[in-house]
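Let me begin by presenting the structure, written as structure tokens, before commenting on it.
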Amino acid sequence: MKSNKSVMLGLLIIIVVSFATGCLFYNLLEPKDFKDHFAALGYSISDTEKGKYESKSYLVATKEDMPFKIEYYEFDNDNSAKIAYKKYEKEIPLMISTDSTNNETSGAFMTKMVVKSEKEFIIISRVKNTLIFIQGTTEYENEINTLLDDIKY
């Protein structure tokens, strides 16, 4: 009986820690995983472009029938990813019309902002030392959200 209580207590601690750190909801995507995942969905992956910010890795996923690109950054550390996130956040008014609404979510290891106007849609999602940026139209909002949900960003 005492053994069962110890096991249950151990499982409860693991679950609480996982929820508190966001480990169950967000996933750190390595560059290879990004390439493999989006290539399997029919996206072309480029690693030859230069990103907006200095990073360890910069990848772009595009698909012929989708009028948006998925930008992936991997930084040396979490702090560099946070800085890039804040820079993108400051530039949003230049990228989208003024009638937009912002919705930001943050946790221990992640921050995500969704900016939406009548026709435009931007997502900036940071998990630890990685960042994903997508700018598209609201017409493709569901596809974009599904893509990010699939990779837990």
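Computed from a predicted model, the values in this text were never measured in an experiment. One is the number of the first residue; the rest follow in order along the sequence.
Atom-to-atom distance recorded for Ile45:CD1 and Lys63:NZ is 10.5 Å, nearest 0.5 angstrom. A distance of 9.5 Å separates CE in Met113 from OG1 in Thr105, rounded to the nearest 0.5 Å. The line from CG of Asn102 to CD1 of Ile124 is 9.0 Å long, rounded to the nearest 0.5 Å. The CD atom of Glu54 sits 8.5 Å away from atom CG of Asp76, with the distance rounded to the nearest 0.5 Å.
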Check step by step if side-chain contact (heavy atoms from CB on, under 4.5 Å) holds for Leu147 and Phe68.
-> CA-CA 12 Å; Leu147 289 171; Phe68 59 84; 4.1 Å; yes
Going through the checks in order, is the salt bridge (charged side-chain N to carboxylate O under 4.0 Å, His left out) test met by Lys82 and Asp78?
-> CA-CA 6 Å; Lys82 288 176 186 176; Asp78 293 8; 5.7 Å; no
Give the intermediate values and the outcome of side-chain contact (heavy atoms from CB on, under 4.5 Å) for residues Asp33 and Ile151.
-> CA-CA 9 Å; Asp33 299 329; Ile151 59 172; over 6 Å; no
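The two residues Glu74 and Ser55 make their nearest non-hydrogen contact at O-CB, 3.5 Å. Contact detail for Glu120 and Met95: the closest heavy-atom pair is OE2-O, 3.6 Å.
For the pair Lys119/Thr137, no side-chain contact is recorded, criterion being any heavy-atom separation below 4.5 Å from C-beta on. Residues Thr62 and Ser46 are not in side-chain contact: their nearest non-hydrogen atoms beyond the backbone lie 4.5 Å or more apart. Side chains of Val114 and Lys112 form a contact here, defined as non-hydrogen atoms less than 4.5 Å apart. Here the side chains of Asp47 and Lys35 are in contact, with some heavy-atom distance below 4.5 Å. By the 4.5 Å heavy-atom criterion applied to side chains, Leu28 and Asn129 are counted as neighbours.
Using a distance-only test at 3.5 Å, with no hydrogens or angles considered, no donor-acceptor pair links the side chain of Lys52 to the main chain of Ala84. Side-chain atoms of Glu49 do not come within 3.5 Å of backbone N or O of Val60 as any donor-acceptor pair. Looking at Thr138, its side chain does come within 3.5 Å of a backbone N or O of Glu118 through a donor-acceptor pair.
By the ring-ring contact (aromatic ring centres under 6.0 Å, His included) test, Tyr73 is found to be paired with Tyr58, Phe75, residues two or more places apart in sequence or in another chain being considered. For the ring-ring contact (aromatic ring centres under 6.0 Å, His included) test, residues two or more places apart in sequence or in another chain that qualify with Phe38 are Phe34, Tyr43. Applying the salt bridge (Lys or Arg N to Asp or Glu O under 4.0 Å) criterion to Glu141, with sequence neighbours excluded, gives Lys116. Asp150 meets the salt bridge (Lys or Arg N to Asp or Glu O under 4.0 Å) test with no other residue; sequence neighbours excluded. Listed by chain and number, the residues in a salt bridge (Lys or Arg N to Asp or Glu O under 4.0 Å) with Lys86 are Glu89 (sequence neighbours excluded). Evaluation of the ring-ring contact (aromatic ring centres under 6.0 Å, His included) rule for Tyr88 yields Tyr53, Phe133 as partners, not counting sequence neighbours.
Judged by distance alone, the side chains of Asn77 and Ser80 do bring a donor and an acceptor atom under 3.5 Å apart.
Between Tyr153 and the choices Leu131, Ile70, Ile132, the side chain to side chain contact (heavy atoms under 4.5 Å, CB included) rule is met once, by Ile132.
The 12-atom threshold is exceeded at CD of Glu91, counting heavy atoms of other residues, nucleotides or ligands nearer than 6.0 Å.
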